[in-house]
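What follows is a single structure, written as structure tokens, with notes after it.
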Amino acid sequence: RDAKALLEVRDELKLSLAAVTVLRERYLLTDARGRPVESTGELLDRSATFVAQAEEDYRAGSSQRWASRFSALLRGLEFLPNSPTLMNAGTPIGLLSGCVVLPVEDSLRSIFSSLGHSALIHQAGGGTGYAFSHLRPRGDRIVSTGGTASGPLSFLRLYDHASEVIQQGGRRRGAGMAVLDVSHPDIREFLAAKANAPGELSHFNLSVGVSDAFLRAAESGGTQWLVNPRSGRKVARVPAAELLDAMCEAAHRSGDPGLLFLDTINRANPLPRLGRIEATNPCGEVPLLPYESCNLGSLNLARFATGGRVDWDRLGEAAELSVRFLDDVIDVSRYPFPELEQATKAGRKIGLGFMGLAELLASLGIPYDSDDAVRLAGRVASHVRRHAHAASERLARERGPYPAFERGARPRETARRHAQVTSVAPTGTISLIAGTTSGIEPMFAIAYVRTVLGRQLLETNPHFERLARDRGFYTDELAANIARTGGVRDNPNVPADVRAAYPTALEIAPYWHLRMQAAVQRHVDAAVSKTINLPAGATVGDVRSTFLAAWRAKVKGITVYRYGSKEDQVLTLAEPA
Ligand code: ADP
């Protein structure tokens with residue numbers, strides 16, 4: 001019966017088996033016995049109809065027309081909103097935002113209040129980010145009790161444990177981002193937290209908030225003061241290069257921490273008069289002020305290539321419609337506590353981005369690691385942003401600019417409906433549903449073995465398979481062969497132009513990963529989620545040069561991942577590069 005139900009869901013939109021499995025397990029509404037009561041198409045209609053209800057407030061009687069336009073956009077898999085919008089629209093859990101940043105001030109009241117708030121956000125499938133930088137260091141004085149403070153790490157472990165507990169009743173693994181400023185006295189403990197204890201803090205990504213001054217000091221033999229955030233007193237002076245090395249060693253060992261370039265982020269802060277940004281959402285693509293949330297959505301670039309060319313007009317139109325969709329999401333979303341609603345509606349930040357870049361490039365025969373690819377990606381980001389901004393400006397004329405515009409934005413800023421319009425998310429699940437490559441990441445493998453419902457399935461990239469069959473070089477033996485290493489770059493049984501156009505993440509040099517991130521970041525309002533893949537044999541020095549190159553390239557954050565450095569790596573290859 002299960003298999004039959006899977007097939008029915010699958011037929012309607014011609015989704016992959018992996019997509020259908022995820023939808024059935026976590027997204028489709030079910031009856032009391034856990035059986036789905038809607039198809040995938042109906043799930044998309046449910047989101048579209050629910051979101052379009054916002055239109056009634058602006059023009060009575062118009063929501064049906066918008067609902068059908070939104071439905072067509074979603075059913076065409078041209079655009080998908082972030083997971084919570086798909087899961088929660090029209091259900092008792094009404095939060096539709098993908099991500100939130102919460103404050104953690106140096107008081108038990110603030111620490112436990114945000115812990116409670118984060119539980120409600122995780123329950124809805126959203127992710128949370130926090131700066132722990134304001135907490136007094138371990139061993140510091142507590143005046144009211146005469147005791148000593150347990151420090152940011154102790155509270156971070158508490159938050160992590162809470163995520164673990166809530167996950168058991170929720171729809172997905174909770175995810176959080178913990179940021180600690182490089183000047184915090186407990187910074188070394190923070191760096192060691194995951195690197196020296198595999199399995200610890202598994203619900204958190206860690207990032208160090210670094211300043212330009214710190215990085216300049218690290219390059220020139222300067223020092224960094226460690227400062228107690230409670231008293232403002234300087235407690236130690238350390239060689240900046242030594243601190244940077246400790247970050248690189250930890251990242252080399254475990255992938256954590258990443259760096260957040262806080263000065264770069266704040267130079268682009270759209271609401272500087274409301275505060276300085278200190279944290280991002282879990283995957284780094286949205287820097288936010290405390291209590292702000294962001295609704296993400298992504299265009300599926302693979303759907304905008306026709307006849308070997310990008311259909312720019314259609315992409316622009318879809319970007320504009322998607323901005324309207326995301327604007328409506330802010331209105332119909334239900335916020336579990338008032339601070340969240342108030343801050344979110346003040347700036348009305350949205351994050352329109354895209355997925356399927358690697359598939360688009362491959363389908364056009366352009367190698368990901370080439371100047372042409374970097375140029376095209378930049379052009380896509382700039383085109384999407386131009387249309388997204390135009391739509392946001394039009395909505396501002398119709399519905400008014402975001403409420404914090406006058407008091408929060410920089411003088412002479414253009415009046416938009418949203419303080420921030422574009423962002424590139426990882427699209428981990430929605431790209432799986434749409435059947436394309438995630439965000440701006442390259443393909444992980446051309447063929448690989450995936451375990452679905454306990455069975456091992458050999459999956460070949462559908463685009464590659466079609467091409468291989470059309471050109472007559474496809475054999476089952478070839479697919480099985482590719483699955484062993486993942487890639488085709490060195491495979492003599494694949495024609496040279498195809499080998500060039502289908503690189504995998506590990507075959508692409510770190511230099512190109514970073515160039516791609518930087519090229520896209522140049523045309524994105526918020527930030528870009530991207531992992532710089534390093535081969536298993538990369539050194540700590542390689543991590544260091546990647547970190548410094550990323551800072552110079554003016555990206556907002558950087559994450560490296562050295563192959564094999566995490567125990568629970570999601571996809572693996574039999575014979576890694
Ligand atoms: P999706 O494809 O499911 O919409 P993404 O992979 O694009 O999600 O991630 C976008 C953002 O959604 C992340 O930066 C994070 O804020 C949030 N998010 C993703 N996965 C989770 C998770 N398992 N738990 C909580 N939040 C998540």
Side-chain angles (χ1 to χ4, degrees), residues 99-104 106 108 110-112 114-119 121-123 125-139 149-170 172-182 184-210 229 243 246-260 278-286 426 428 529 531 543 547 557-562 564-570:
C99 35
V100 175
V101 163
L102 294 173
V104 184
D106 187 32
L108 281 186
S110 168
I111 293 167
F112 282 86
S114 281
L115 181 62
H117 287 154
S118 77
I121 292 158
H122 288 178
Q123 183 187 38
T128 44
Y130 327 77
F132 282 80
S133 313
H134 297 288
L135 299 188
R136 70 192 68 186
R138 187 158 61 86
S150 55
L153 263 296
S154 64
F155 293 114
L156 178 50
R157 290 196 189 95
L158 185 69
Y159 274 50
D160 185 62
H161 188 66
S163 306
E164 179 71 36
V165 173
I166 289 150
Q167 165 192 323
Q168 295 172 5
R172 58 176 175 174
R173 228 186 116 69
M177 165 74 90
V179 183
L180 196 71
D181 197 89
V182 63
H184 197 283
D186 293 356
I187 187 71
R188 284 186 182 276
E189 197 186 338
F190 182 75
L191 298 179
K194 284 182 84 162
N196 296 351
E200 274 270 293
L201 300 180
S202 64
H203 296 274
F204 272 93
N205 293 322
L206 306 185
S207 275
V208 180
V210 294
L243 260 186
M247 293 172 205
C248 297
E249 274 159 29
H252 178 262
R253 196 171 313 162
S254 68
D256 281 289
L259 301 189
L260 284 186
E278 301 176 324
T280 70
N281 69 328
C283 305
E285 70 275 18
V286 202
S529 169
T531 299
V543 174
F547 278 0
I558 181 85
T559 308
V560 297
Y561 178 69
R562 190 170 58 87
S565 60
K566 271 197 174 71
E567 275 185 343
D568 52 350
Q569 188 165 296
V570 182

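R188 meets the side chain to side chain donor-acceptor pair (under 3.5 Å) test with no other residue; sequence neighbours excluded. In terms of the side chain to side chain contact (heavy atoms under 4.5 Å, CB included) criterion, residue partners of C248 (sequence neighbours excluded) are, by chain and number, L244, V540, V543, R544, F547. Residues that satisfy the side chain to side chain donor-acceptor pair (under 3.5 Å) test with S163, not counting sequence neighbours, are absent from this structure. Partners of S154 according to the side chain to side chain donor-acceptor pair (under 3.5 Å) rule, which considers only residues two or more places apart in sequence or in another chain, are S150. The salt bridge (Lys or Arg N to Asp or Glu O under 4.0 Å) test applied to R136 returns D106, not counting sequence neighbours. Residues passing the side chain to side chain donor-acceptor pair (under 3.5 Å) test with D256 are K194, sequence neighbours excluded. Legend: residues meeting salt bridge (Lys or Arg N to Asp or Glu O under 4.0 Å) with E249, ordered by chain and number and at least two apart, are absent. Every residue two or more places apart in sequence or in another chain that forms a side chain to side chain contact (heavy atoms under 4.5 Å, CB included) with A119 is listed here: I166. Residues satisfying the side chain to side chain contact (heavy atoms under 4.5 Å, CB included) criterion with P137, sequence neighbours excluded, are D140, H184, P185, D186, N228, P229. Residues passing the side chain to side chain contact (heavy atoms under 4.5 Å, CB included) test with H117 are L102, S113, Y291, F337, E339, sequence neighbours excluded.
The side-chain heavy atoms of F112 and L158, taken from C-beta on, include a pair separated by under 4.5 Å. Side-chain contact between S114 and P103: present, with at least one pair of heavy atoms (C-beta onward) separated by less than 4.5 Å. L108 places a side-chain heavy atom less than 4.5 Å from the side chain of F155.
In this structure, A250 and P257 approach most closely via the heavy-atom pair CB-CD, 3.7 Å. Residues L243 and L191 come closest through the heavy atom pair O-CD1, 4.3 Å. Contact record, T128 with I121: CG2-CG2, 3.8 Å, taken as the closest heavy-atom pair. The minimum heavy-atom distance linking P282 with N205 is given by the pair O-ND2, 2.9 Å. The shortest non-hydrogen separation linking Y130 to S118 is OH-CB, 3.1 Å. Shortest non-hydrogen contact noted between V104 and H134 is O-CB, 3.8 Å.
With respect to S207, the side chain to side chain contact (heavy atoms under 4.5 Å, CB included) criterion is satisfied by exactly one of L259, L260, I558, T280: L260. Tested against V208 for a side chain to side chain contact (heavy atoms under 4.5 Å, CB included), the candidates V179, I187, L180 yield a single pass: I187.
Proximity of a side-chain donor or acceptor of S133 to a complementary backbone N or O of D181 within less than 3.5 Å is detected. Checked by atom type and distance alone, the side chain of Y159 never pairs as donor or acceptor with a backbone atom of L201 at under 3.5 Å.
Distance check, rounded to the nearest 0.5 Å: CD of Q167 to NE2 of H203 gives 4.5 Å.
Within the structure, every pair that satisfies the salt bridge (Lys or Arg N to Asp or Glu O under 4.0 Å) test and touches residues 151-165, not counting sequence neighbours, is listed here: R157-E200.
Side-chain contact, H252 with S565: no donor N or O sits under 3.5 Å from an acceptor N or O. Between the side chains of Y561 and T559, no donor N or O sits under 3.5 Å from an acceptor N or O.
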